[in-house]
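All ligand and atom numbering here is 1-based and tracks the order in the structure.
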Amino acid sequence: MKKILFVSSEVHPLIKTGGLADVAGSLPLSLAQLGQDIRIFMPNYGAIKYNREVHKKCTLHIDNRTIHILETKLPDSDVIVWLLDYPDFFGNKGNPYVDEHGHSWINSAERFALFSRIAVEIAQDRAHLDWQADVVHCNDWQSGLVPALLSIEPTRPATVFTIHNMAYQGIFSQETFQQLNLPGELWNHHAIEFYGMMSFIKGGIACADHITTVSPTYALEIQTPEFGYGLDGLLHHRHNELNGILNGIDLEQWSPEHDTRIPQTYSAGRLAKKLINKTALQKHFALPENESIPVIALISRLVDQKGINLVIECLESLIDYPMQFVLLGSGDKELEHQLKNLSYLYPDQISIKLGYDEDLAHLIEAGADLFLMPSLFEPCGLNQLFSQRYGTLPIVRNTGGLADTVVDTLAETIADQTATGFVFNEPSVGALLETVKRALLIYANSKVWKQLQKNAMKKDFSWQKSAKEYIALYKTL
Ligand code: ADP
(Lines give C-alpha, C1' and ligand atoms only; values in the text may rest on other atoms or scores of the structure.)
Protein backbone atom coordinates (compact mmCIF):
# COMPACT_ATOMS: atom_id res chain seq x y z
CA MET A 1 0.00 0.00 0.00
CA LYS A 2 1.35 3.41 -1.00
CA LYS A 3 0.49 6.81 0.39
CA ILE A 4 -0.18 8.93 -2.65
CA LEU A 5 -0.72 12.67 -2.79
CA PHE A 6 -2.61 13.40 -6.01
CA VAL A 7 -2.19 17.05 -6.96
CA SER A 8 -4.63 18.48 -9.51
CA SER A 9 -5.95 21.95 -10.31
CA GLU A 10 -9.41 20.55 -11.09
CA VAL A 11 -11.38 17.55 -9.87
CA HIS A 12 -14.78 16.41 -11.08
CA PRO A 13 -17.46 16.88 -9.77
CA LEU A 14 -16.13 19.73 -7.61
CA ILE A 15 -14.90 21.76 -10.56
CA LYS A 16 -14.23 20.89 -14.18
CA THR A 17 -13.02 22.61 -17.32
CA GLY A 18 -11.83 19.54 -19.21
CA GLY A 19 -10.54 15.99 -19.19
CA LEU A 20 -8.07 16.55 -16.33
CA ALA A 21 -11.01 16.93 -13.92
CA ASP A 22 -12.51 13.65 -15.13
CA VAL A 23 -9.22 11.87 -14.51
CA ALA A 24 -8.67 13.49 -11.10
CA GLY A 25 -12.19 12.53 -10.02
CA SER A 26 -11.94 8.91 -11.16
CA LEU A 27 -8.37 7.64 -10.94
CA PRO A 28 -7.99 8.33 -7.18
CA LEU A 29 -11.23 6.43 -6.57
CA SER A 30 -9.95 3.40 -8.44
CA LEU A 31 -6.60 3.62 -6.67
CA ALA A 32 -8.42 3.71 -3.32
CA GLN A 33 -10.54 0.72 -4.33
CA LEU A 34 -7.30 -1.12 -5.08
CA GLY A 35 -6.11 -0.50 -1.51
CA GLN A 36 -3.96 2.63 -1.85
CA ASP A 37 -4.06 5.47 0.70
CA ILE A 38 -4.73 8.44 -1.57
CA ARG A 39 -5.34 12.12 -0.80
CA ILE A 40 -6.29 14.65 -3.44
CA PHE A 41 -4.98 18.21 -3.17
CA MET A 42 -6.61 21.06 -5.11
CA PRO A 43 -7.41 24.78 -4.72
CA ASN A 44 -10.60 25.86 -2.99
CA TYR A 45 -12.12 27.86 -5.86
CA GLY A 46 -15.07 30.14 -5.22
CA ALA A 47 -16.96 28.24 -7.94
CA ILE A 48 -16.78 24.82 -6.28
CA LYS A 49 -20.08 23.19 -5.47
CA TYR A 50 -19.77 21.02 -2.36
CA ASN A 51 -22.21 18.26 -1.56
CA ARG A 52 -20.23 16.89 1.40
CA GLU A 53 -19.21 18.43 4.68
CA VAL A 54 -16.12 20.67 4.52
CA HIS A 55 -14.05 21.54 7.57
CA LYS A 56 -10.81 23.30 8.39
CA LYS A 57 -7.87 20.97 9.01
CA CYS A 58 -4.92 23.24 9.64
CA THR A 59 -3.36 26.64 9.06
CA LEU A 60 0.00 27.45 7.43
CA HIS A 61 1.96 30.67 7.09
CA ILE A 62 3.94 31.32 3.92
CA ASP A 63 5.35 34.69 2.80
CA ASN A 64 3.19 36.57 5.33
CA ARG A 65 0.12 34.81 4.01
CA THR A 66 -2.21 32.83 6.21
CA ILE A 67 -3.44 29.76 4.40
CA HIS A 68 -5.97 27.22 5.57
CA ILE A 69 -6.22 23.67 4.42
CA LEU A 70 -9.77 22.36 4.32
CA GLU A 71 -10.88 18.77 4.13
CA THR A 72 -13.82 17.17 2.37
CA LYS A 73 -14.47 13.90 0.57
CA LEU A 74 -15.16 13.02 -3.02
CA PRO A 75 -18.90 12.48 -3.44
CA ASP A 76 -20.04 8.90 -2.81
CA SER A 77 -16.64 7.84 -1.55
CA ASP A 78 -14.19 7.95 1.33
CA VAL A 79 -11.47 9.58 -0.73
CA ILE A 80 -10.14 12.56 1.22
CA VAL A 81 -9.76 15.86 -0.61
CA TRP A 82 -7.57 18.59 0.87
CA LEU A 83 -8.18 22.10 -0.39
CA LEU A 84 -5.89 25.08 -0.41
CA ASP A 85 -8.02 27.86 1.02
CA TYR A 86 -6.74 31.31 0.15
CA PRO A 87 -9.65 33.45 -1.08
CA ASP A 88 -7.41 36.31 -2.30
CA PHE A 89 -6.17 33.95 -5.02
CA PHE A 90 -8.93 31.41 -5.49
CA GLY A 91 -12.11 32.98 -4.11
CA ASN A 92 -13.34 34.14 -7.52
CA LYS A 93 -16.57 32.47 -8.67
CA GLY A 94 -15.51 32.24 -12.33
CA ASN A 95 -13.39 29.82 -14.33
CA PRO A 96 -10.29 28.51 -12.51
CA TYR A 97 -7.88 29.77 -15.16
CA VAL A 98 -9.38 32.54 -17.26
CA ASP A 99 -11.54 35.64 -16.90
CA GLU A 100 -14.81 36.22 -18.72
CA HIS A 101 -12.92 37.30 -21.85
CA GLY A 102 -10.93 34.08 -21.94
CA HIS A 103 -7.68 35.73 -20.76
CA SER A 104 -5.56 33.99 -18.12
CA TRP A 105 -5.99 35.45 -14.65
CA ILE A 106 -3.31 38.06 -14.21
CA ASN A 107 -1.88 36.37 -11.11
CA SER A 108 -1.81 32.82 -12.53
CA ALA A 109 1.87 32.35 -11.70
CA GLU A 110 1.42 33.45 -8.07
CA ARG A 111 -1.68 31.31 -7.64
CA PHE A 112 -0.18 28.08 -8.88
CA ALA A 113 3.25 28.69 -7.36
CA LEU A 114 1.51 28.96 -4.00
CA PHE A 115 -0.51 25.84 -4.79
CA SER A 116 2.71 23.95 -5.61
CA ARG A 117 4.51 25.17 -2.50
CA ILE A 118 1.69 24.06 -0.23
CA ALA A 119 1.61 20.69 -2.01
CA VAL A 120 5.28 20.30 -1.10
CA GLU A 121 4.56 21.17 2.55
CA ILE A 122 1.89 18.46 2.64
CA ALA A 123 4.08 15.93 0.83
CA GLN A 124 6.89 16.54 3.33
CA ASP A 125 4.52 16.22 6.28
CA ARG A 126 5.17 19.79 7.35
CA ALA A 127 1.53 20.88 7.13
CA HIS A 128 0.31 19.49 10.48
CA LEU A 129 -1.72 16.84 8.69
CA ASP A 130 0.26 13.97 10.17
CA TRP A 131 0.55 12.15 6.89
CA GLN A 132 3.76 11.45 4.95
CA ALA A 133 3.38 10.75 1.23
CA ASP A 134 5.33 7.96 -0.49
CA VAL A 135 4.47 9.25 -3.94
CA VAL A 136 3.40 12.69 -5.15
CA HIS A 137 1.47 12.44 -8.39
CA CYS A 138 1.29 15.84 -10.13
CA ASN A 139 -0.77 16.81 -13.16
CA ASP A 140 -0.18 19.48 -15.80
CA TRP A 141 1.59 22.79 -15.45
CA GLN A 142 -0.35 24.05 -12.45
CA SER A 143 1.52 21.52 -10.29
CA GLY A 144 4.71 21.45 -12.37
CA LEU A 145 6.73 23.24 -9.70
CA VAL A 146 6.10 20.45 -7.19
CA PRO A 147 8.65 17.95 -8.60
CA ALA A 148 11.12 20.82 -9.06
CA LEU A 149 10.74 22.03 -5.46
CA LEU A 150 10.90 18.49 -4.10
CA SER A 151 14.03 17.73 -6.14
CA ILE A 152 16.04 20.10 -3.94
CA GLU A 153 14.85 18.66 -0.62
CA PRO A 154 17.35 16.33 1.14
CA THR A 155 14.74 13.61 1.61
CA ARG A 156 11.47 13.43 -0.23
CA PRO A 157 8.77 11.16 -1.67
CA ALA A 158 8.97 9.86 -5.25
CA THR A 159 7.38 12.09 -7.89
CA VAL A 160 5.28 11.36 -10.97
CA PHE A 161 4.27 14.08 -13.41
CA THR A 162 1.40 13.41 -15.80
CA ILE A 163 1.00 15.49 -18.94
CA HIS A 164 -2.64 15.85 -19.92
CA ASN A 165 -1.92 18.45 -22.59
CA MET A 166 1.43 19.84 -23.76
CA ALA A 167 -0.27 22.88 -25.23
CA TYR A 168 -0.65 24.49 -21.80
CA GLN A 169 2.73 25.13 -20.24
CA GLY A 170 2.56 27.93 -17.68
CA ILE A 171 5.26 30.16 -19.15
CA PHE A 172 6.12 33.43 -17.39
CA SER A 173 8.90 36.01 -17.40
CA GLN A 174 12.10 35.90 -15.37
CA GLU A 175 10.80 38.94 -13.53
CA THR A 176 7.76 36.95 -12.41
CA PHE A 177 10.06 34.18 -11.25
CA GLN A 178 11.94 36.67 -9.10
CA GLN A 179 8.72 37.94 -7.56
CA LEU A 180 7.61 34.43 -6.63
CA ASN A 181 10.24 34.02 -3.94
CA LEU A 182 11.18 30.53 -5.16
CA PRO A 183 14.60 28.96 -4.51
CA GLY A 184 17.08 30.63 -6.88
CA GLU A 185 18.71 27.31 -7.75
CA LEU A 186 15.60 26.34 -9.72
CA TRP A 187 16.52 29.02 -12.24
CA ASN A 188 18.64 26.85 -14.50
CA HIS A 189 17.97 24.98 -17.71
CA HIS A 190 17.97 21.61 -15.93
CA ALA A 191 14.94 22.78 -13.97
CA ILE A 192 12.41 25.48 -14.81
CA GLU A 193 14.31 27.89 -17.03
CA PHE A 194 13.14 27.69 -20.62
CA TYR A 195 14.82 30.02 -23.12
CA GLY A 196 15.05 32.86 -20.63
CA MET A 197 11.52 32.31 -19.37
CA MET A 198 10.11 30.36 -16.48
CA SER A 199 8.19 27.20 -17.46
CA PHE A 200 6.04 25.44 -14.88
CA ILE A 201 5.55 22.37 -17.06
CA LYS A 202 9.29 22.03 -17.56
CA GLY A 203 9.68 21.80 -13.80
CA GLY A 204 7.56 18.66 -13.89
CA ILE A 205 9.16 17.18 -16.99
CA ALA A 206 12.76 17.87 -15.97
CA CYS A 207 12.53 17.03 -12.27
CA ALA A 208 9.92 14.29 -11.75
CA ASP A 209 11.21 10.76 -11.18
CA HIS A 210 8.81 9.55 -13.83
CA ILE A 211 6.68 11.22 -16.49
CA THR A 212 3.50 9.81 -17.90
CA THR A 213 1.06 11.05 -20.45
CA VAL A 214 -2.44 9.87 -21.15
CA SER A 215 -1.94 7.62 -24.16
CA PRO A 216 0.94 5.61 -25.65
CA THR A 217 0.72 7.37 -29.02
CA TYR A 218 0.83 10.84 -27.42
CA ALA A 219 3.88 9.71 -25.41
CA LEU A 220 5.66 9.20 -28.75
CA GLU A 221 4.23 12.30 -30.43
CA ILE A 222 5.42 14.72 -27.73
CA GLN A 223 8.99 13.62 -28.42
CA THR A 224 8.71 15.26 -31.87
CA PRO A 225 8.94 18.99 -32.71
CA GLU A 226 5.38 19.05 -34.05
CA PHE A 227 3.83 18.18 -30.66
CA GLY A 228 6.62 18.97 -28.19
CA TYR A 229 6.46 22.79 -28.05
CA GLY A 230 10.21 23.05 -27.64
CA LEU A 231 10.32 20.38 -24.93
CA ASP A 232 10.52 17.44 -27.38
CA GLY A 233 14.29 17.22 -26.93
CA LEU A 234 14.01 16.98 -23.15
CA LEU A 235 11.16 14.49 -23.41
CA HIS A 236 13.16 12.37 -25.81
CA HIS A 237 16.16 12.59 -23.51
CA ARG A 238 13.93 11.22 -20.74
CA HIS A 239 12.20 8.58 -22.87
CA ASN A 240 13.23 5.79 -20.49
CA GLU A 241 11.25 7.50 -17.74
CA LEU A 242 8.28 8.39 -19.94
CA ASN A 243 5.30 6.27 -20.91
CA GLY A 244 1.64 6.54 -21.84
CA ILE A 245 -1.19 5.16 -19.71
CA LEU A 246 -4.64 5.49 -21.25
CA ASN A 247 -7.35 7.23 -19.29
CA GLY A 248 -10.39 5.23 -18.33
CA ILE A 249 -13.92 6.55 -17.93
CA ASP A 250 -16.23 6.63 -14.94
CA LEU A 251 -18.67 3.85 -15.78
CA GLU A 252 -20.95 4.84 -12.90
CA GLN A 253 -21.70 8.03 -14.77
CA TRP A 254 -21.18 6.99 -18.35
CA SER A 255 -23.14 3.81 -19.04
CA PRO A 256 -26.26 3.74 -21.20
CA GLU A 257 -27.56 0.80 -19.11
CA HIS A 258 -28.10 2.96 -16.01
CA ASP A 259 -27.56 6.59 -16.98
CA THR A 260 -30.12 8.59 -14.98
CA ARG A 261 -29.70 11.70 -17.10
CA ILE A 262 -31.09 10.27 -20.34
CA PRO A 263 -34.75 9.72 -21.20
CA GLN A 264 -34.28 6.01 -22.00
CA THR A 265 -31.60 3.58 -20.81
CA TYR A 266 -30.48 0.91 -23.27
CA SER A 267 -27.83 -1.74 -23.84
CA ALA A 268 -26.06 -3.50 -26.70
CA GLY A 269 -28.83 -6.10 -26.63
CA ARG A 270 -31.59 -3.45 -26.73
CA LEU A 271 -30.32 -0.97 -29.23
CA ALA A 272 -33.75 -0.09 -30.59
CA LYS A 273 -34.36 1.83 -27.36
CA LYS A 274 -31.53 4.21 -28.24
CA LEU A 275 -33.94 5.73 -30.78
CA ILE A 276 -36.04 7.23 -27.99
CA ASN A 277 -33.00 9.27 -26.99
CA LYS A 278 -32.42 10.21 -30.61
CA THR A 279 -35.91 11.65 -30.91
CA ALA A 280 -35.46 13.51 -27.61
CA LEU A 281 -32.17 14.90 -28.88
CA GLN A 282 -33.69 16.10 -32.14
CA LYS A 283 -36.48 17.71 -30.18
CA HIS A 284 -34.05 19.40 -27.78
CA PHE A 285 -32.11 20.84 -30.70
CA ALA A 286 -35.29 21.83 -32.57
CA LEU A 287 -34.45 19.60 -35.54
CA PRO A 288 -37.01 17.56 -37.50
CA GLU A 289 -37.75 14.38 -35.52
CA ASN A 290 -36.78 11.63 -37.91
CA GLU A 291 -35.40 8.29 -36.77
CA SER A 292 -33.75 7.35 -40.03
CA ILE A 293 -31.72 10.49 -40.66
CA PRO A 294 -28.19 10.14 -39.19
CA VAL A 295 -27.33 12.59 -36.41
CA ILE A 296 -23.69 13.63 -36.17
CA ALA A 297 -22.65 15.21 -32.87
CA LEU A 298 -19.77 17.13 -31.38
CA ILE A 299 -19.14 18.20 -27.76
CA SER A 300 -16.01 20.17 -27.16
CA ARG A 301 -14.14 23.15 -25.94
CA LEU A 302 -14.07 25.32 -29.07
CA VAL A 303 -10.33 25.73 -29.57
CA ASP A 304 -8.00 25.19 -32.54
CA GLN A 305 -6.77 21.88 -31.12
CA LYS A 306 -10.15 20.27 -31.69
CA GLY A 307 -10.19 20.78 -35.48
CA ILE A 308 -13.36 22.90 -35.36
CA ASN A 309 -12.28 24.83 -38.46
CA LEU A 310 -12.25 21.59 -40.43
CA VAL A 311 -15.75 20.83 -39.21
CA ILE A 312 -17.07 24.25 -40.20
CA GLU A 313 -15.70 23.89 -43.73
CA CYS A 314 -16.85 20.31 -44.01
CA LEU A 315 -20.43 21.12 -42.96
CA GLU A 316 -21.05 23.30 -46.00
CA SER A 317 -20.36 20.29 -48.22
CA LEU A 318 -22.38 17.89 -46.09
CA ILE A 319 -25.55 19.89 -46.34
CA ASP A 320 -26.49 18.08 -49.55
CA TYR A 321 -26.54 14.76 -47.70
CA PRO A 322 -29.35 13.55 -45.49
CA MET A 323 -27.84 14.24 -42.08
CA GLN A 324 -28.26 16.41 -39.01
CA PHE A 325 -25.47 17.99 -37.00
CA VAL A 326 -25.65 19.02 -33.34
CA LEU A 327 -22.91 20.73 -31.38
CA LEU A 328 -22.47 21.62 -27.72
CA GLY A 329 -19.45 23.72 -26.87
CA SER A 330 -17.97 27.01 -25.93
CA GLY A 331 -14.69 28.81 -26.30
CA ASP A 332 -13.25 30.83 -29.17
CA LYS A 333 -15.75 33.61 -29.94
CA GLU A 334 -15.02 33.59 -33.69
CA LEU A 335 -15.66 29.84 -33.92
CA GLU A 336 -18.85 30.25 -31.88
CA HIS A 337 -19.98 32.97 -34.28
CA GLN A 338 -19.27 30.93 -37.42
CA LEU A 339 -21.06 27.89 -36.03
CA LYS A 340 -24.09 29.91 -35.04
CA ASN A 341 -24.21 31.41 -38.53
CA LEU A 342 -24.29 27.96 -40.09
CA SER A 343 -27.21 27.02 -37.87
CA TYR A 344 -29.12 30.11 -39.03
CA LEU A 345 -28.43 29.19 -42.67
CA TYR A 346 -29.45 25.55 -42.30
CA PRO A 347 -31.89 25.37 -39.37
CA ASP A 348 -33.26 21.97 -40.43
CA GLN A 349 -29.88 20.33 -40.38
CA ILE A 350 -27.53 22.20 -38.08
CA SER A 351 -28.23 23.14 -34.49
CA ILE A 352 -25.72 24.65 -32.07
CA LYS A 353 -25.85 25.08 -28.29
CA LEU A 354 -23.17 27.35 -26.92
CA GLY A 355 -22.27 26.75 -23.29
CA TYR A 356 -21.32 24.01 -20.89
CA ASP A 357 -24.02 21.51 -19.99
CA GLU A 358 -23.27 18.07 -18.56
CA ASP A 359 -26.83 16.77 -18.71
CA LEU A 360 -27.05 17.70 -22.37
CA ALA A 361 -23.69 16.01 -23.01
CA HIS A 362 -25.26 12.75 -21.79
CA LEU A 363 -28.32 13.18 -24.00
CA ILE A 364 -26.08 13.84 -27.00
CA GLU A 365 -23.96 10.73 -26.39
CA ALA A 366 -27.12 8.66 -26.02
CA GLY A 367 -29.07 10.15 -28.91
CA ALA A 368 -26.56 10.71 -31.70
CA ASP A 369 -25.46 8.16 -34.29
CA LEU A 370 -21.98 9.50 -34.98
CA PHE A 371 -19.56 11.60 -32.94
CA LEU A 372 -16.95 13.86 -34.54
CA MET A 373 -13.44 14.35 -33.11
CA PRO A 374 -11.17 15.63 -35.90
CA SER A 375 -8.57 16.89 -33.40
CA LEU A 376 -5.23 18.18 -34.67
CA PHE A 377 -3.78 16.56 -31.56
CA GLU A 378 -5.48 14.74 -28.70
CA PRO A 379 -3.52 13.54 -25.65
CA CYS A 380 -6.20 10.98 -24.80
CA GLY A 381 -9.69 12.33 -25.41
CA LEU A 382 -12.68 11.14 -23.45
CA ASN A 383 -15.63 11.75 -25.71
CA GLN A 384 -14.60 9.03 -28.15
CA LEU A 385 -14.61 6.63 -25.17
CA PHE A 386 -18.03 7.79 -23.94
CA SER A 387 -19.28 7.57 -27.53
CA GLN A 388 -18.19 3.97 -27.94
CA ARG A 389 -19.87 3.05 -24.63
CA TYR A 390 -23.09 4.59 -25.98
CA GLY A 391 -22.92 2.94 -29.42
CA THR A 392 -22.41 6.36 -31.00
CA LEU A 393 -19.66 5.66 -33.47
CA PRO A 394 -16.76 8.11 -33.37
CA ILE A 395 -15.14 9.68 -36.42
CA VAL A 396 -11.63 10.56 -35.30
CA ARG A 397 -8.29 11.69 -36.60
CA ASN A 398 -5.40 9.25 -36.30
CA THR A 399 -3.59 11.01 -33.46
CA GLY A 400 -2.81 10.54 -29.76
CA GLY A 401 -5.39 8.72 -27.70
CA LEU A 402 -7.84 8.71 -30.59
CA ALA A 403 -5.45 6.47 -32.53
CA ASP A 404 -5.10 4.20 -29.50
CA THR A 405 -8.79 3.72 -28.76
CA VAL A 406 -10.79 3.68 -32.01
CA VAL A 407 -10.53 0.87 -34.58
CA ASP A 408 -11.27 1.97 -38.14
CA THR A 409 -14.03 0.24 -40.09
CA LEU A 410 -12.41 -1.75 -42.90
CA ALA A 411 -13.38 -4.99 -44.60
CA GLU A 412 -11.19 -7.01 -42.25
CA THR A 413 -12.19 -5.21 -39.03
CA ILE A 414 -15.84 -5.65 -39.95
CA ALA A 415 -15.17 -9.33 -40.47
CA ASP A 416 -13.32 -9.88 -37.19
CA GLN A 417 -15.75 -7.62 -35.26
CA THR A 418 -13.12 -5.22 -33.98
CA ALA A 419 -14.25 -2.11 -35.91
CA THR A 420 -15.63 0.60 -33.59
CA GLY A 421 -15.53 3.83 -35.60
CA PHE A 422 -13.95 5.73 -38.46
CA VAL A 423 -10.36 7.00 -38.59
CA PHE A 424 -8.64 9.39 -40.98
CA ASN A 425 -5.04 10.60 -41.23
CA GLU A 426 -4.63 14.00 -42.83
CA PRO A 427 -5.90 17.05 -40.92
CA SER A 428 -7.66 18.27 -44.06
CA VAL A 429 -11.24 19.07 -45.00
CA GLY A 430 -11.00 16.53 -47.85
CA ALA A 431 -9.97 13.69 -45.57
CA LEU A 432 -12.63 14.51 -42.98
CA LEU A 433 -15.34 14.83 -45.61
CA GLU A 434 -14.34 11.56 -47.23
CA THR A 435 -14.56 9.79 -43.88
CA VAL A 436 -17.91 11.27 -42.89
CA LYS A 437 -19.27 10.14 -46.26
CA ARG A 438 -17.79 6.68 -45.71
CA ALA A 439 -19.53 6.54 -42.32
CA LEU A 440 -22.86 7.70 -43.79
CA LEU A 441 -22.64 4.99 -46.42
CA ILE A 442 -22.17 2.31 -43.79
CA TYR A 443 -24.95 3.84 -41.68
CA ALA A 444 -27.29 2.95 -44.53
CA ASN A 445 -26.52 -0.73 -43.93
CA SER A 446 -28.30 -1.26 -40.63
CA LYS A 447 -27.03 -4.80 -40.10
CA VAL A 448 -23.37 -3.81 -40.30
CA TRP A 449 -24.07 -0.63 -38.31
CA LYS A 450 -25.62 -2.57 -35.45
CA GLN A 451 -22.63 -4.87 -35.31
CA LEU A 452 -20.24 -1.88 -35.17
CA GLN A 453 -22.28 -0.44 -32.30
CA LYS A 454 -22.04 -3.74 -30.44
CA ASN A 455 -18.28 -3.94 -31.01
CA ALA A 456 -17.88 -0.44 -29.60
CA MET A 457 -20.17 -0.95 -26.61
CA LYS A 458 -18.43 -4.08 -25.39
CA LYS A 459 -14.98 -2.45 -25.15
CA ASP A 460 -13.49 -2.14 -21.67
CA PHE A 461 -12.64 1.47 -20.84
CA SER A 462 -12.90 1.06 -17.07
CA TRP A 463 -10.41 2.81 -14.78
CA GLN A 464 -9.40 -0.46 -13.10
CA LYS A 465 -6.98 -1.39 -15.87
CA SER A 466 -5.23 1.99 -15.93
CA ALA A 467 -5.17 2.27 -12.13
CA LYS A 468 -3.29 -1.03 -11.97
CA GLU A 469 -0.72 0.35 -14.39
CA TYR A 470 -0.22 3.42 -12.17
CA ILE A 471 0.19 1.23 -9.08
CA ALA A 472 2.77 -0.90 -10.91
CA LEU A 473 4.59 2.32 -11.79
CA TYR A 474 4.49 3.68 -8.21
CA LYS A 475 6.09 0.41 -7.05
CA THR A 476 9.07 0.88 -9.35
CA LEU A 477 9.94 4.33 -8.00
P1 ADP B 1 -10.18 18.28 -23.18
O2 ADP B 1 -9.67 17.86 -21.83
O3 ADP B 1 -9.10 18.66 -24.15
O4 ADP B 1 -11.24 19.34 -23.11
P5 ADP B 1 -11.35 15.61 -23.31
O6 ADP B 1 -12.06 14.90 -24.41
O7 ADP B 1 -10.22 14.88 -22.66
O8 ADP B 1 -10.88 17.02 -23.87
O9 ADP B 1 -12.39 15.94 -22.15
C10 ADP B 1 -13.40 16.88 -22.32
C11 ADP B 1 -14.45 16.66 -21.25
O12 ADP B 1 -15.21 17.85 -21.10
C13 ADP B 1 -15.41 15.59 -21.59
O14 ADP B 1 -15.91 15.01 -20.41
C15 ADP B 1 -16.52 16.38 -22.33
O16 ADP B 1 -17.75 15.72 -22.34
C17 ADP B 1 -16.56 17.61 -21.50
N18 ADP B 1 -17.06 18.80 -22.20
C19 ADP B 1 -16.38 19.61 -23.05
N20 ADP B 1 -17.15 20.64 -23.46
C21 ADP B 1 -18.34 20.47 -22.85
C22 ADP B 1 -19.57 21.22 -22.86
N23 ADP B 1 -19.70 22.33 -23.59
N24 ADP B 1 -20.59 20.77 -22.10
C25 ADP B 1 -20.46 19.65 -21.36
N26 ADP B 1 -19.33 18.90 -21.32
C27 ADP B 1 -18.29 19.30 -22.05
**Q** Within 45° of the ring axis of Phe285 and under 6.0 Å from its six-membered ring centre, is that where the NZ or CZ of Lys353 lies?
**A**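 So Lys353 does make the cation-pi contact.
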**Q** Kindly confirm or rule out an N or O of Asp22 lying under 3.5 angstrom from an N or O of ligand 1.
**A** yes
**Q** Tell me whether ligand 1 is touched by Gly329 - counting only heavy atoms on the residue side and a distance under 4.0 Å.
**A** yes
**Q** Among protein heavy atoms, which lies nearest atom 2 (O) of ligand 1, and at what distance?
**A** Gly19 N, 2.6 Å
**Q** Is the shortest distance from a Lys or Arg side-chain nitrogen in Arg389 or Asp259 to a carboxylate oxygen in the other one below 4.0 Å?
**A**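 Not counted as a salt bridge, because no side-chain N and carboxylate O are separated by less than 4.0 Å.
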**Q** Taking atom types as modelled, is there a side-chain donor on Glu221 or Thr399 under 3.5 Å from an acceptor on the other?
**A**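 Their side chains do contain a donor-acceptor pair, which is all the 3.5 Å distance test asks for.
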**Q** Look only at interatomic distance and state if Ser330 has a nitrogen or oxygen under 3.5 Å from any nitrogen or oxygen of ligand 1.
**A**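 N/O-N/O distance under 3.5 Å: no.
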**Q** Among protein heavy atoms, which lies nearest atom 20 (N) of ligand 1, and at what distance?
**A**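 Of every protein heavy atom, Ser300 C, 3.6 Å lies nearest to atom 20 (N) of ligand 1.
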**Q** I'd like the name of whichever of Lys306, Gln305, Glu378, Gln384 reaches closest to atom 3 (O) of ligand 1 through any heavy atom.
**A**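 It is Lys306 whose heavy atom sits nearest to atom 3 (O) of ligand 1.
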**Q** For atom 16 (O) of ligand 1, what is the nearest protein heavy atom, given as residue, atom name and distance?
**A** Asn383 OD1, 3.2 Å
**Q** Does any donor atom in the side chain of Ser343 or Ser351 lie under 3.5 Å from an acceptor atom in the other side chain?
**A**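 No.
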**Q** Verify the distance criterion only: is there a donor paired with an acceptor across the side chains of His258 and Thr265 at less than 3.5 Å?
**A** no
**Q** Please say whether Met373 places an N or O atom under 3.5 Å from an N or O atom belonging to ligand 1.
**A** no
**Q** Counting non-hydrogen protein atoms only, what is the nearest one to atom 18 (N) of ligand 1? Give residue, atom name and distance.
**A** Tyr356 CE1, 3.9 Å
**Q** What pairs with Glu252 under salt bridge (Lys or Arg N to Asp or Glu O under 4.0 Å), at least two apart in sequence or on another chain?
**A**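 For Glu252 there are no salt bridge (Lys or Arg N to Asp or Glu O under 4.0 Å) partners, ignoring immediate neighbours.
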**Q** Of the protein's non-hydrogen atoms, which lies at the shortest distance from atom 4 (O) of ligand 1, and what is that distance?
**A**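 Result for atom 4 (O) of ligand 1: Arg301 NE, 2.7 Å.
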**Q** For atom 7 (O) of ligand 1, which of the options Leu382, Val23, Asp357 provides the nearest non-hydrogen atom?
**A** Leu382
**Q** Which residue holds the protein heavy atom closest to atom 14 (O) of ligand 1, what is that atom called, and what is the gap in Å?
**A** Lys16 NZ, 2.9 Å
**Q** Return yes or no for this condition: an N or O of Leu20 is under 3.5 Å from an N or O of ligand 1.
**A**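 Leu20 vs ligand 1: no N/O contact under 3.5 Å.
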**Q** In this structure, does ligand 1 have an atom that sits under 4.0 Å from one of the heavy atoms of Gly355?
**A** yes
**Q** Is it the case that Asp404 and Thr217 place a side-chain donor and acceptor less than 3.5 Å from each other?
**A**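 Yes, side-chain donor-acceptor contact under 3.5 Å.
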**Q** Is the closest side-chain donor-acceptor distance between Glu10 and Tyr97 under 3.5 Å?
**A** yes
**Q** Aromatic contact between Phe386 and Phe461, with the criterion being ring centroids under 6.0 Å apart: yes or no?
**A** no
